[in-house]
Chemist: 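Structure below; questions to follow.
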Amino acid sequence: PFGPAPILRAPWGDVAEFPTDSAWQTNAHQVNHLLNRGLRKIADARAELKATYGDYYGRVASVASSCAYGVPTFISQAARAGTVRRLLHAVVTSAPYTIVLAGHSAAQASGNHFNQSYTHWLHSLLAPPLAAVGVELVTRNHAMGGLPSHHRASCFAAAYGADADAVLWDYAMTAGSPHEMDYFFRQAMMQPRRPLLVGFQPITKAASMAVCREALKTDVPVSLICL
């Protein structure tokens, strides 16, 4: 956001060293300015959500911040910390942040305008705050109606891309059985960037918690949301 910085990039998008004489990342004044600009955009996004959801805003916010372990709505403290760290990496390295949606016809937005899909709505909400801190948000809608998930999960990188920082799963209607959900998430966990995994509307508590237990054995952040 403050001009190109000659930085040395390490694997996984981390930065090994910022030049102290030229990089904005080492300038406290510029960093504070950047963060304040991002916080203002976050406040704008929250105001938009409140205006859109009205009395239901409290429920949306509580689902997003839940840390319960014994119910389908689940995000561990480690997963939350990992997601924050990944976003911070994108900020300090001016790297893109990529979100991929995988699912069935409802996730695809069949019956609605295409720009009313989860993907478009998410982009319209998150892109301005991320742009304010120098991060390009990339969102891709890979949902396909009337199909299960195993055929595309088998060639995950080819179907969804190997660059995903977050994968949103909404196959509950066509591939929500425990074994189908388990296979998709295991394939996602093996991707190079170890993306945040978000499962919407998991059909069974058993399948949801099985995914959570497997993710906790790795450094993959996972969030399961039952709406």
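All figures in this text were calculated on a predicted structure; none of them were measured in a lab. Reckoned from all heavy atoms, side chains included, excluding hydrogens, waters and symmetry mates.
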Chemist: Any chance CG of Asp55 has more than 12 other-residue heavy atoms, nucleotides or ligands included, within less than 6.0 Å?
Modeler: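 Open: at most 12 neighbouring heavy atoms sit under 6.0 Å from CG of Asp55.
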Chemist: Is Tyr183 isolated, or which residues cluster with it under the ILVMFWY side-chain rule of less than 4.5 Å, directly or via members?
Modeler: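 Reading the cluster by chain and number, Tyr183 sits alone, since nothing else belongs.
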Chemist: Tell me, with the steps shown, if Asp182 and Arg186 meet salt bridge (charged side-chain N to carboxylate O under 4.0 Å, His left out).
Modeler: CA-CA 6 Å; Asp182 179 77; Arg186 285 177 184 268; 2.7 Å; yes
Chemist: If you look only at pairs with a residue in residues 126-139, which of them pass as a salt bridge (charged side-chain N to carboxylate O under 4.0 Å, His left out), with sequence neighbours excluded?
Modeler: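 Residue pairs passing salt bridge (charged side-chain N to carboxylate O under 4.0 Å, His left out), neighbours aside: none found.
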Chemist: Kindly indicate whether the side chain of Trp169, heavy atoms from C-beta on, has any atom under 4.5 Å from the side chain of Met181.
Modeler: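 In contact.
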Chemist: Output all residues satisfying side-chain contact (heavy atoms from CB on, under 4.5 Å) with Arg140, sequence neighbours left out; order by chain, then residue number.
Modeler: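 Thr98, Val100, Val138, His142, Asp163.
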Chemist: Go through the structure and list residues passing side-chain contact (heavy atoms from CB on, under 4.5 Å) with Leu35, not counting sequence neighbours.
Modeler: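 Only Val31 meet the side-chain contact (heavy atoms from CB on, under 4.5 Å) criterion with Leu35.
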Chemist: How would you list all residue pairs meeting salt bridge (charged side-chain N to carboxylate O under 4.0 Å, His left out) that involve residues 102-127, not counting sequence neighbours?
Modeler: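 Output for this query is empty, none listed.
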Chemist: Between His33 and Arg37, is there a side-chain heavy-atom distance shorter than 4.5 Å?
Modeler: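 They are in contact (side-chain heavy atoms under 4.5 Å apart), so the answer is yes.
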Chemist: Pairs in or reaching into residues 95-118: which pass salt bridge (charged side-chain N to carboxylate O under 4.0 Å, His left out), with residues at least two apart or in two chains?
Modeler: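 Output for this query is empty, none listed.
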Chemist: Provide the full list of side-chain hydrogen bond (donor to acceptor under 3.5 Å, both in side chains) pairs with a residue in residues 119-130, sequence neighbours left out, each pair given once.
Modeler: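 Every pair satisfying side-chain hydrogen bond (donor to acceptor under 3.5 Å, both in side chains) with a residue in residues 119-130: Ser117-His120, His123-Thr139.
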Chemist: Looking at residues at least two apart in the chain, or sitting in another chain, which of them share a side-chain contact (heavy atoms from CB on, under 4.5 Å) with His29?
Modeler: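 So His29 forms a side-chain contact (heavy atoms from CB on, under 4.5 Å) with Asn27.
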Chemist: Hey, are the side chains of Leu168 and Ile99 touching, using non-hydrogen atoms and a 4.5 Å cut-off?
Modeler: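 Yes. Closest side-chain heavy atoms under 4.5 Å.
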Chemist: Does Tyr160 have any side-chain hydrogen bond (donor to acceptor under 3.5 Å, both in side chains) partners at least two apart in sequence or in another chain, and if so, which?
Modeler: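 Tyr160 satisfies side-chain hydrogen bond (donor to acceptor under 3.5 Å, both in side chains) with Tyr171 once adjacent residues are dropped.
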Chemist: Checking the side chain of Thr174 only, and the main-chain atoms of Leu147 only, is there a donor and an acceptor separated by less than 3.5 Å?
Modeler: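 Checked: pair present.
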Chemist: So, Arg86 side chain and Arg193 main chain: donor-acceptor pair closer than 3.5 Å or not?
Modeler: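 Yes; judged by distance alone, with no hydrogens or angles, the pair exists.
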Chemist: Mind checking what makes side-chain hydrogen bond (donor to acceptor under 3.5 Å, both in side chains) contact with Gln187, not counting sequence neighbours?
Modeler: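 For Gln187, no residue satisfies side-chain hydrogen bond (donor to acceptor under 3.5 Å, both in side chains) once neighbours in sequence are set aside.
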Chemist: Which pairs with one or both residues in residues 24-35 pass salt bridge (charged side-chain N to carboxylate O under 4.0 Å, His left out), sequence neighbours excluded?
Modeler: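 Every pair satisfying salt bridge (charged side-chain N to carboxylate O under 4.0 Å, His left out) with a residue in residues 24-35: there are none.
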Chemist: Mind checking who shares a hydrophobic cluster with Leu88, ILVMFWY linked at side-chain heavy-atom distances under 4.5 Å?
Modeler: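 Hydrophobic cluster check, Leu88: joined to Val84.
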Chemist: Is Tyr118 reachable from Leu126 through a run of I, L, V, M, F, W or Y residues, each pair having side-chain heavy atoms under 4.5 Å apart?
Modeler: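 Looking at the clustering, Tyr118 is in the same group as Leu126.
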